2 protein chains.
Amino acid sequence: MIQLDYKSSVPICDQIVNGIIRLKALGILKNGSQLPSVRQLAMQLSVNPNTIQKAYGILETNGIVCSVKGKGSFVSDDTAAEQAVLDRAKANFLEAVAKARELGLTTDQLTELVQQSKEGVDAK
Amino acid sequence: MIQLDYKSSVPICDQIVNGIIRLKALGILKNGSQLPSVRQLAMQLSVNPNTIQKAYGILETNGIVCSVKGKGSFVSDDTAAEQAVLDRAKANFLEAVAKARELGLTTDQLTELVQQSKEGVDAK
DNA sequence: AAACTGTACTAATTGAAATAGTACACTTGT
DNA sequence: ACAAGTGTACTATTTCAATTAGTACAGTTT
């Protein structure tokens with residue numbers, strides 16, 4: 001379900017956080033559904049349980065999941081958190097736009113690239 | 001001229017590489033002009049000369065600068081390299097678009113964000 | 001010759017990330 | 001009550017990339 005790149009410079013912990021946010025945004029993880037336990041997911045992804053714990057902790061801090069001692073971790077249905085994810089996505093995207101501009105890409109070029117990638121999504 | 005973030009997880013070496021590419025794209029560094037020497041820039045940015053050397057080496061490998069033993073390092077006017085920088089910028093931007101889409105942003109929203117940031121640039 | 005360039009090493013240091021291991025508190029089902 | 005599952009909280013250790021430190025060599029310019 002989550003694809004890890006162990007060689008990447010992006011910490012595994014962050015990859016897991018992003019992966020779960022992504023799965024939720026895509027609707028694959030339904031609100032309120034239960035996530036694999038810390039130990040289970042650690043086995044599944046072949047990483048240390050501490051790494052999963054850290055990832056779940058970050059997600060909980062951001063209101064994206066909700067962990068209950070003794071019961072498990074669940075996908076939160078906090079709409080404020082969903083909005084926060086959207087806001088962060090926008091902010092990240094704007095950063096990318098700024099970087100692309102600095103390297104010489106124009107507004108028209110950027111707009112065209114966005115449209116082109118839409119066609120790719122539609123084609124799928 | 002180059003702004004470094006020493007706390008960033010992005011290696012200083014990479015920041016310097018990106019900074020020079022950026023300055024060249026913005027036209028601040030003219031083609032053929034001389035760059036600060038390895039030791040000079042190291043002093044200026046308060047980093048180790050080796051770090052500058054590494055950055056210059058990467059830039060040279062990519063045809064963006066040209067270093068001559070005993071003379072100095074110069075901004076290259078290799079058009080192929082400039083195209084390569086543009087291509088890379090496009091690829092990076094497309095990645096950012098894909099990530100934003102995964103987090104729930106639509107094509108219309110992305111297009112709007114690009115337009116908005118254009119206004120910001122114009123206003124400046 | 002002196003003073004500047006880039007280049008090429010090795011060694012040491014630093015810091016973040018991940019692992020290993022253990023322990024504790026809580027819930028559920030038997 | 002008990003066992004087996006949950007999340008949580010630590011400390012110690014390991015690993016690895018990035019950076020620093022130091023030195024040396026080769027070329028150019030004056």
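Values below: every heavy atom of this structure, side chains too, minus hydrogens, waters and symmetry copies. Throughout, a chain's letter reflects where its sequence line sits, starting with A, and its residues are numbered from 1. In this text the structure is predicted, and so the values were computed from the model without any measurement.
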Can you tell which of [options] lies closest to the side chain of [X]?
X	options	result
A:T51	C:dG21, C:dA18, D:dT19	C:dA18
A:K71	C:dT28, D:dT20, D:dA18	C:dT28
B:I12	D:dT19, C:dA8, C:dT27	D:dT19
B:V38	C:dT7, D:dT8, C:dA18	C:dT7
B:C13	D:dT19, C:dA8, D:dG7	D:dT19

For [Y], does its backbone N or O pair with a side-chain atom of [X] as donor and acceptor, under 3.5 Å?
X	Y	result
A:Q15	A:D5	yes
A:Q34	A:F74	no
B:T61	B:G57	yes
A:D14	A:V10	no
B:S33	B:L29	no

Take atom [atom1] of [X] and atom [atom2] of [N], then tell me their distance rounded to the nearest Å.
X	N	atom1	atom2	value
B:M43	C:dT5	CE	P	11 Å
A:Y56	D:dA9	OH	P	16 Å
A:Q34	C:dT28	CD	P	11 Å
A:K54	D:dC10	NZ	C1'	15 Å
B:I16	D:dA18	CD1	C1'	12 Å
A:I58	D:dA9	CD1	C1'	16 Å
A:Y6	C:dT19	OH	C1'	14 Å
A:I52	D:dT6	CD1	P	13 Å

If you assign B:G57 and A:N50 each to the DNA chain C nucleotide with the nearest heavy atom, which residue ends up on the more 5' nucleotide? B:G57
Give one of base, sugar-phosphate or nothing for B:E60, where a contact means two heavy atoms less than 4.0 Å apart. sugar-phosphate
Check every strand shown and say whether A:S73 touches a base, only sugar-phosphate, or nothing at a heavy-atom separation below 4.0 Å.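 If one applies the 4.0 Å heavy-atom cut-off, A:S73 turns out to touch the sugar-phosphate alone, with no base involved.
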Contact under 4.0 Å: B:K69 side-chain N or O vs D:dT28 OP1/OP2: no
Could you tell me whether the phosphate oxygens of C:dT5, OP1 or OP2, come under 4.0 Å of any side-chain nitrogen or oxygen in B:S37? yes
On the side chain of A:R39, is there an atom forming a donor-acceptor pair with the base of D:dG5 - under 3.5 Å, no angle test?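 Checked by distance alone, the answer is no.
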Polar pair under 3.5 Å, donor/acceptor by atom type, side chain A:N48, base C:dG21: no
Is a donor from one side chain sitting under 3.5 angstrom from an acceptor on the other, for A:R101 and A:T106? no
Nearest heavy atom decides the nucleotide; on that basis, is A:Q53 or A:G72 closer to the 5' end of DNA chain D?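 Between the two, 5'-proximity favours A:G72.
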